[in-house]
Amino acid sequence: MTLQWTAVASFLYVEIGVLVIFCLPFVSPQRWQRIFKWSIWNRLSQFWNKGFLTMIVILIVLFLDALREVRKYSNADQSKDAKLHPNMFDHMHMKLFRAQRNLYISGFSLFLWLVMRRVVTLINQLAVALGTSAALQTQAESANKAAKKYMEDNEMLKQALVDPKGEGGKKQDTEENKLLKKEMQRLAEELKSSTDALKKSKSDLDAMKKQTEGLTKEYDRLLQEHQELQNQPDNGDKKDN
């Protein structure tokens with residue numbers, strides 16, 4: 001292997017290793033999100049898009065070069081030279097094998113480069129979704145507690161209104177009723193704000209789910225396009241045969 005293809009193969013192995021690390025089950029998305037927020041990544045973020053696009057261009061050029069080599073050696077006419085040079089047939093097949101190997105290396109490197117970026121995006125979105133779910137659960141619990149307290153205060157108010165008492169007791173009951181009414185109003189406002197926040201969080205979660213489904217469809221489309229690119233050399237071989 002030449003130096004450029006050795007570098008591409010090493011890059012492919014690094015991509016595979018990084019994706020395997022991303023798939024480790026005991027590392028949660030929140031932990032990955034904290035790792036992605038390190039200061040070193042913030043410093044490199046300004047060069048990330050340029051580096052990503054540059055690597056895509058390099059891999060596409062290498063992929064097209066390998067595809068050209070495969071077509072070159074697949075369409076070569078070896079019937080006349082095979083009699084004059086017996087080793088020519090083996091030599092051409094060796095070059096065709098190397099061209100196909102380089103084609104697969106560059107194709108898989110390009111595909112895994114796109115997949116790795118999409119995996120990082122999905123991990124961040126999953127971490128945000130889990131954090132939103134935890135916040136929704138906390139808000140639901142607080143709303144449930146406020147509702148229970150509101151019901152208890154309402155029962156106390158009903159009991160205070162039903163029980164007959166003297167004039168002093170009526171004055172005391174009136175003050176207690178005012179306090180209970182104020183408490184009821186405050187709890188009703190808290191319950192309303194908690195309900196509104198819960199509805200807003202649910203709508204954000206639904207929007208995030210729709211976005212995740214869109215990303216999954218885009219990933220399937222990229223996988224299908226990569227499969228079609230892989231089948232192009234095979235179709236060329238079948239036509240020559």
Side-chain angles (χ1 to χ4, degrees), residues 10-60 106-150 186-229:
S10 302
F11 183 71
L12 175 62
Y13 297 146
V14 171
E15 288 177 328
I16 294 173
V18 172
L19 288 175
V20 169
I21 293 174
F22 282 156
C23 294
L24 293 176
F26 54 84
V27 182
S28 62
Q30 290 89 346
R31 183 174 297 178
W32 281 121
Q33 190 180 36
R34 288 194 295 269
I35 293 175
F36 295 153
K37 290 182 179 179
W38 285 355
S39 59
I40 185 173
W41 305 122
N42 293 329
R43 295 175 183 175
L44 296 176
S45 62
Q46 55 183 347
F47 307 106
W48 166 247
N49 290 329
K50 294 181 180 178
F52 179 79
L53 295 176
T54 303
M55 186 58 66
I56 287 180
V57 172
I58 293 173
L59 292 175
I60 288 176
S106 59
F108 277 109
S109 297
L110 177 61
F111 174 70
L112 292 181
W113 184 241
L114 297 174
V115 169
M116 187 166 60
R117 179 169 183 175
R118 187 54 55 87
V119 168
V120 171
T121 303
L122 292 176
I123 287 175
N124 285 325
Q125 291 181 351
L126 182 59
V128 173
L130 292 176
T132 305
S133 300
L136 287 174
Q137 186 176 2
T138 304
Q139 290 179 359
E141 290 177 355
S142 62
N144 191 16
K145 292 180 180 179
K148 288 182 179 179
K149 187 176 181 181
Y150 172 76
R186 185 182 65 81
L187 291 174
E189 292 176 356
E190 290 181 357
L191 182 61
K192 183 179 179 181
S193 60
S194 300
T195 304
D196 294 337
L198 183 61
K199 290 181 180 179
K200 183 178 179 182
S201 300
K202 286 183 178 179
S203 62
D204 294 339
L205 184 60
D206 292 336
M208 193 171 298
K209 287 182 179 178
K210 291 181 180 179
Q211 186 178 4
T212 305
E213 292 176 358
L215 291 175
T216 304
K217 291 180 181 178
E218 182 67 17
Y219 170 76
D220 294 336
R221 186 183 67 79
L222 289 173
L223 182 62
Q224 185 177 2
E225 290 180 358
H226 179 71
Q227 188 66 30
E228 293 176 357
L229 290 174

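Everything quoted here is computed from the prediction, not taken from an experiment.
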* Asked: Could you state the interatomic distance from OG1 (T54) to NZ (K50), rounded to the nearest 0.5 Å?
  -> 9.0 Å
* **Nearest-0.5 Å distance, CD1 of residue I16 to CE of residue M116** => 11.0 Å
* Give a yes or no on whether a salt bridge exists between E141 and K145, defined as a side-chain N under 4.0 angstrom from a carboxylate O. => no
* **Contact summary for R117 and F52, nearest pair of heavy atoms** => NH1-CD2, 2.8 Å
* Heavy-atom pair of closest approach, residues M208 and Q125 -> SD-O, 3.7 Å
* **Separation between CG of L126 and OG1 of T121, rounded to the nearest 0.5 Å** => 12.5 Å
* Check whether any side-chain heavy atom of E190 sits under 4.5 Å from a side-chain heavy atom of Y150, and report yes or no. => no
* Parallel under 30°, tilted from 30 to 60°, perpendicular over 60°: which one fits the rings of W113 and F11? -> tilted
* Minimum heavy-atom separation for A147 to L191, with atom names? -> CB-CD1, 4.5 Å
* Asked: Could you state the interatomic distance from OG (S109) to CG (L114), rounded to the nearest 0.5 Å?
  -> 11.0 Å
* Which residue, L19, V18, V14, forms the side-chain contact (heavy atoms from CB on, under 4.5 Å) with L112? -> L19
* Asked: Roughly how far apart are D196 CG and Q139 CD, rounded to 0.5 Å?
  -> 10.5 Å
* **Residues E15, F108; criterion side chain to side chain contact (heavy atoms under 4.5 Å, CB included); working and verdict** => CA-CA 10 Å; E15 288 177 328; F108 277 109; over 6 Å; no
